[in-house]
Number of protein chains: 2
Amino acid sequence: MATIQDVAKAAGVSAMTVSNVMNGHPNVRPATRERVLEAMDRLGYRVNVAARNLRKGRTGTIGLAVPEINRPYYGRLAAAIIAAAGRHGLRVSIEQTGASRESELAALSQSRNRLYDGLILSTVGMGPADVGALDVDHPVVILGERIFGGPVDHVAMPNEAAAEAATRHLVERGCRRIAVVCGRLGGEADVSSLRYAGYLRALAAAGLPADPELVVTAASLTMQEAARGVRERTARGLGFDGVFCVTDTVAMGVLRALADAGIRVPEQVKVVGFDNVDESAYLVPSLTTVDPDHDLMAERAVALLAARIDRGGPGREEFAGPFRLVVRESTGG
Amino acid sequence: MATIQDVAKAAGVSAMTVSNVMNGHPNVRPATRERVLEAMDRLGYRVNVAARNLRKGRTGTIGLAVPEINRPYYGRLAAAIIAAAGRHGLRVSIEQTGASRESELAALSQSRNRLYDGLILSTVGMGPADVGALDVDHPVVILGERIFGGPVDHVAMPNEAAAEAATRHLVERGCRRIAVVCGRLGGEADVSSLRYAGYLRALAAAGLPADPELVVTAASLTMQEAARGVRERTARGLGFDGVFCVTDTVAMGVLRALADAGIRVPEQVKVVGFDNVDESAYLVPSLTTVDPDHDLMAERAVALLAARIDRGGPGREEFAGPFRLVVRESTGG
DNA sequence: TTGTAGGCGTTATCAC
DNA sequence: GTGATAACGCCTACAA
């Protein structure tokens, strides 16, 4: 494999000049540039990224830590982040945390390993008690939730407001006993708790009581758990006429369980999801859901991280994306 | 950031000894090891990956190039590959090709850029004419299809056999006019063409004619295109009683279009997919589909690549995974 | 068992 | 406008 020295020799210049040509520096005479380019081409020269990284103290790669890439929401997010990173000249290395607190903390310390220039972390397992772990000296952006007081940048979903709007939509469509399907409620600033809070707010605003009977738990927010939870609930009789699901994935499990029980959507029960993953428009019935503008959030997250990489120092910026409700068949079109 | 030298100084040894401790080399006196570990800990030492890479000529990262990570099948695959790579001590950097021939070729030449130790490439846009491009001097494993004669390792789906089995299943369930929804048929060794061939074989074996009217094209295999194709077809009257979809994603679009047309599945039309993505079990109706054992394929692909990275030289191994048909509601349970 | 020397390929600095 | 020099931090010889 040809090195910069080989090219320099072949072109009759110094390595420095070759470097300057490569990096588009000014002050290279056109004729020289030509000779160098020709030599590079002839030798099939490729820059050695490891050497460049060592010299520059950068790797050109950022890490993206998500619970599992194989879930529609994280897939959607990853796609947007890879695209956004590409626009910033960065590559993306993906790590799966399995939504466990330990793996999320491990991802944070990996980033200290200087594997990546920075890390975008989707926290699910970590809680406020782990804020201290965020105090690392490398660029980190938390994506998804708000961990109050953390010394890092955040790109947050409009969790509460959007959950409230989604639930209000059910109220407006005539629902009076609205169930919610969410993960474990620790009272912390995780997806489930924040969206649950929005759900409660909408109920209160509508003067509806909050019945603990209507809270269905799907601990790790999988289709399977959601379906099981709803089956258990309907086995005791249909005690609700609307369901707010904290994610679209959960909603898919819910729709399936309702179909199993022979309950018609939206006639008997109306369902709302959250995320607007690609599949939600194609489900039968198609799913009414919250669209949080993934592309914008991804772009902001990468932009924040890139800025932090360039400028250094800790950040505390917060960005909460916009959202809109996409009304489809599951709430009556 | 502390370097190996700093640690050496702090522990009163040479850098070499620190290196030996780090890499678990034998011949380090326990007491010395202790002193070194203590110093590393005290200084918060982290190895500089760039320097190690430069020295070793390795990056510890492999590339995974897929059309779009935001599709259930590729998400599933990526999850399995990241997990498998982790077991081999490798990280995974993901690149999205958008299924275009140009981007796939670019991914191949990127790998020559020595960004990664090796590349796993899911070819969709490239054809046999591009076999030459595979003749790179870096480890590459092609995942998904067979490009005959390429000088690289392949991990292939059992495309033809599985497609034939899926179609035969429709025949066995009583279907006589079986449509197929696939991408453009170039007669090359891509997913659509191979699975289409399997479909044809099953028809022939059953003594059924192959009617061009029954070939629905969804050029890039999206839900949208599949739905549109089926809508156009049903608008001219329901001319089929079974559909073989070349992917589950396509099947989701098909199920949606059939629902729009008021056609009942499986009573009027039976549907089979391919991939067994997580969602397929939760659709309404749940989807009968081919399960190709993604985890095994991912493991094999990573193992082949890892072996190639270690041993060097070009490879020509072919591995075709096993498959099984998962029968669900869309063909009558 | 531990230390010394040297170089992996690149680029920043500063001469010329 | 171009080139010599010196790192960047680590690891593989080889020497002690």
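Numbers restart at 1 for each chain; the letters A, B, ... are given by sequence-line order, proteins then strands. Below, all heavy atoms of this structure are taken into account, side chains as well, without hydrogens, waters or symmetry copies.
- Residue-level contact check: B:N23 touches the backbone only, with heavy atoms under 4.0 Å from sugar-phosphate atoms and none from bases.
- When each of B:H138, B:E95, B:R58 is paired with B:Y116, the side-chain hydrogen bond (donor to acceptor under 3.5 Å, both in side chains) condition holds for B:E95 and for no other.
- Atom CE in B:M22 sits about 11 Å away from atom P in D:dT12, given to the nearest Å.
- Screening B:N53, B:T61, B:T59 for a side-chain hydrogen bond (donor to acceptor under 3.5 Å, both in side chains) with B:D117, the sole residue that qualifies is B:T59.
- Atom NZ in A:K9 sits about 13 Å away from atom C1' in C:dG9, given to the nearest Å.
- Of the residues listed (A:R316, A:R300, A:R308), the one engaging A:D153 in a side-chain hydrogen bond (donor to acceptor under 3.5 Å, both in side chains) is A:R308, and it is the only one.
- Under 4.0 angstrom from either OP1 or OP2 of C:dT10 there lies no side-chain N or O belonging to A:S19.
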Tabulate atom names and distances for all N/O pairs under 3.5 angstrom spanning the protein and nucleotides 1-4 of chain C.
{"residue": "C:dT1", "atom": "OP2", "partner": "B:N27", "partner atom": "OD1", "Å": "3.2"}
{"residue": "C:dT2", "atom": "OP1", "partner": "B:T32", "partner atom": "OG1", "Å": "2.4"}
{"residue": "C:dT2", "atom": "OP2", "partner": "B:R29", "partner atom": "N", "Å": "3.0"}
{"residue": "C:dG3", "atom": "OP2", "partner": "B:S14", "partner atom": "N", "Å": "2.6"}
{"residue": "C:dG3", "atom": "OP2", "partner": "B:S14", "partner atom": "OG", "Å": "3.0"}
{"residue": "C:dG3", "atom": "OP2", "partner": "B:T17", "partner atom": "OG1", "Å": "2.9"}

Output a table of nitrogen or oxygen pairs between the protein and nucleotides 7-9 of chain D separated by less than 3.5 Å.
{"residue": "D:dA7", "atom": "N3", "partner": "A:R55", "partner atom": "NH1", "Å": "3.2"}

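- Evaluation of the side-chain hydrogen bond (donor to acceptor under 3.5 Å, both in side chains) rule for B:E317 yields no partner, not counting sequence neighbours.
- The pair B:R101-B:D130 meets the salt-bridge criterion, since a charged nitrogen lies less than 4.0 angstrom from a carboxylate oxygen.
- Under the rule for a salt bridge (Lys or Arg N to Asp or Glu O under 4.0 Å), A:E34 has no partner lying at least two apart in sequence or in another chain.
- Remark: B:Y73 pairs with B:H294 by the ring-ring contact (aromatic ring centres under 6.0 Å, His included) rule, at least two apart or across chains.
- Minimum heavy-atom separation, B:I69 to B:V66: N-CG2, 4.1 Å.
- Closest approach of B:T3 to B:Y45, counting heavy atoms only: C-CE1, 3.5 Å.
- One N or O on the side chain of A:S103 and one on the backbone of A:T97 form a donor-acceptor pair closer than 3.5 Å.
- Bending across the helix from C:dT1-D:dA16 to C:dC16-D:dG1, expressed as the angle between its end axes from five pairs apiece, amounts to 40° (10° rounding).
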